[in-house]
Amino acid sequence: MSHLHKNAHLLVSAIIVIAAAFIYGFNPEKTLPIFFEFKVQVLELKNIFRAVMGLYLAFAGYWFYGIFNSDHWKYATITNILFMGGLVFGRLISTVFDGISPQYSLGLIGELILLLWGVHNLKTKTDVL
């Protein structure tokens, strides 16, 4: 049970980030107008969203690797903390300068929870913190 508990933050993060990756980048001109109130018509914008998809899938893949390879668990957790922390930071900056987004406020809360969960696991299951 402790093995599952130790890996749960990575598993939850990876599943959510994979879903977000495909929403953002698989077919941005079709999916993004459904989830957000804008159209993606410019080639460069499609490229940006597909690049984001690639980054998200790469990180999620490493988190899965960390789940199944205990030698990489600590590093997968550190990258997860940095990833979630970066998203939280960006959303807080956007909230301050752009206003509150109901859609992204839920994301902010989820990312903050995953960030703190990762920090907690790193602190309690390693000697890093």
Side-chain angles (χ1 to χ4, degrees):
M1 185 65 170
S2 69
H3 183 68
L4 175 63
H5 184 263
K6 177 181 177 180
N7 291 318
H9 77 284
L10 292 174
L11 181 63
V12 170
S13 295
I15 290 168
I16 291 169
V17 166
I18 288 170
F22 286 122
I23 289 170
Y24 288 158
F26 183 71
N27 195 352
E29 62 272 14
K30 299 284 187 202
T31 55
L32 292 177
I34 294 168
F35 291 95
F36 310 104
E37 295 180 11
F38 65 88
K39 293 182 181 181
V40 178
Q41 297 172 326
V42 179
L43 174 62
E44 288 74 14
L45 196 53
K46 290 177 191 178
N47 185 279
I48 289 169
F49 280 109
R50 290 202 166 111
V52 168
M53 177 182 71
L55 285 170
Y56 277 35
L57 291 175
F59 275 100
Y62 187 61
W63 300 335
F64 273 121
Y65 186 69
I67 290 169
F68 295 105
N69 184 327
S70 61
D71 291 340
H72 283 264
W73 181 89
K74 178 172 64 173
Y75 305 109
T77 299
I78 290 168
T79 63
N80 181 266
I81 291 167
L82 292 170
F83 184 91
M84 294 302 164
L87 291 174
V88 167
F89 177 75
R91 293 201 201 281
L92 288 174
I93 293 296
S94 181
T95 300
V96 169
F97 288 104
D98 308 321
I100 295 173
S101 164
Q103 283 175 301
Y104 283 115
S105 293
L106 181 60
L108 171 63
I109 293 166
E111 292 151 2
L112 185 59
I113 289 169
L114 290 167
L115 166 67
L116 296 174
W117 191 3
V119 168
H120 170 76
N121 280 352
L122 196 62
K123 187 184 278 189
T124 61
K125 297 178 183 9
T126 69
D127 58 355
V128 173
L129 297 176

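Keep in mind that this is a model prediction, so the values were computed, not measured.
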Residues passing the side-chain contact (heavy atoms from CB on, under 4.5 Å) test with Ser101, sequence neighbours excluded, are Gln103, Tyr104
When rounded to the nearest 0.5 Å, the distance separating OG1 of Thr124 from NZ of Lys6 is 9.5 Å
Please check if the number of heavy atoms outside Phe38 that lie under 6.0 Å from its CZ is greater than 12.
yes
Ile67 versus Phe64: any side-chain heavy-atom pair under 4.5 Å?
yes
Locate the shortest heavy-atom distance separating Ile23 from Leu32; write the atom from each residue and the value.
O-CD2, 3.6 Å
For Asn80 and Leu114, work out which heavy atoms get closest and say how close.
OD1-O, 4.1 Å
Return the CG to NZ distance between Leu45 and Lys39, rounded to the nearest 0.5 Å.
13.5 Å
Which atom names give the shortest non-hydrogen contact between Phe49 and Pro28, and what distance separates them?
CB-CB, 4.2 Å
Are Leu112 and Leu116 side-chain neighbours, meaning at least one heavy-atom pair lies under 4.5 Å?
yes
Nearest heavy-atom contact between Glu111 and Met84 is O-CB, 3.7 Å
Hey, what do you get for NZ (Lys46) to CD1 (Ile48), rounding to the nearest 0.5 Å?
13.0 Å
Find out if a path of hydrophobic residues (ILVMFWY) with successive side-chain heavy-atom gaps under 4.5 Å connects Ile34 to Val52.
yes
What residues form a ring pair (Phe, Tyr, Trp, His ring centres under 6.0 Å) with Tyr56, not counting sequence neighbours?
Tyr24, Phe83
d(Leu87 CG, Leu82 CG) to nearest 0.5 Å is 11.0 Å
Distance (rounded to the nearest 0.5 Å) between Ile100 CD1 and Arg91 CZ:
14.0 Å
Only counting residues at least two apart or in another chain, list the ones meeting ring pair (Phe, Tyr, Trp, His ring centres under 6.0 Å) with Tyr65.
His72
Whether His9 and Trp73 hold their rings parallel, tilted or perpendicular, with breakpoints at 30° and 60°:
perpendicular
Within one Ile-Leu-Val-Met-Phe-Trp-Tyr cluster: Ile15 and Leu115, side-chain cutoff 4.5 Å:
yes
Measure across Gly66 and Asn7 and return the closest heavy-atom pair with its distance rounded to 0.1 Å.
O-OD1, 4.4 Å
Over 60° means perpendicular and under 30° means parallel, so tell me whether Phe26 and Phe22 are parallel, tilted or perpendicular.
perpendicular
With the 4.5 Å side-chain cut-off for hydrophobic clustering, are Val88 and Leu106 part of the same group?
no
Hydrophobic cluster membership, with links at side-chain heavy-atom distances under 4.5 Å among I/L/V/M/F/W/Y: are Ile81 and Leu55 in one?
no
Quick one: closest heavy-atom pair of Leu10 and Ala76, and the distance?
CD2-O, 3.8 Å
Is it true that atom CZ of Phe89 has more than 12 heavy atoms of other residues, nucleotides or ligands lying nearer than 6.0 Å?
no
Hydrophobic cluster membership, with links at side-chain heavy-atom distances under 4.5 Å among I/L/V/M/F/W/Y: are Leu11 and Phe68 in one?
yes
Ignoring hydrogens and angles, state whether a donor on the side chain of Asn27 or Thr31 is under 3.5 Å from an acceptor on the partner side chain.
no
Can you measure from CD1 (Ile113) to NE2 (His120) and round to the nearest 0.5 angstrom?
14.0 Å
side-chain contact (heavy atoms from CB on, under 4.5 Å) between Val96 and Leu92, worked out:
CA-CA 6 Å; Val96 169; Leu92 288 174; 5.6 Å; no
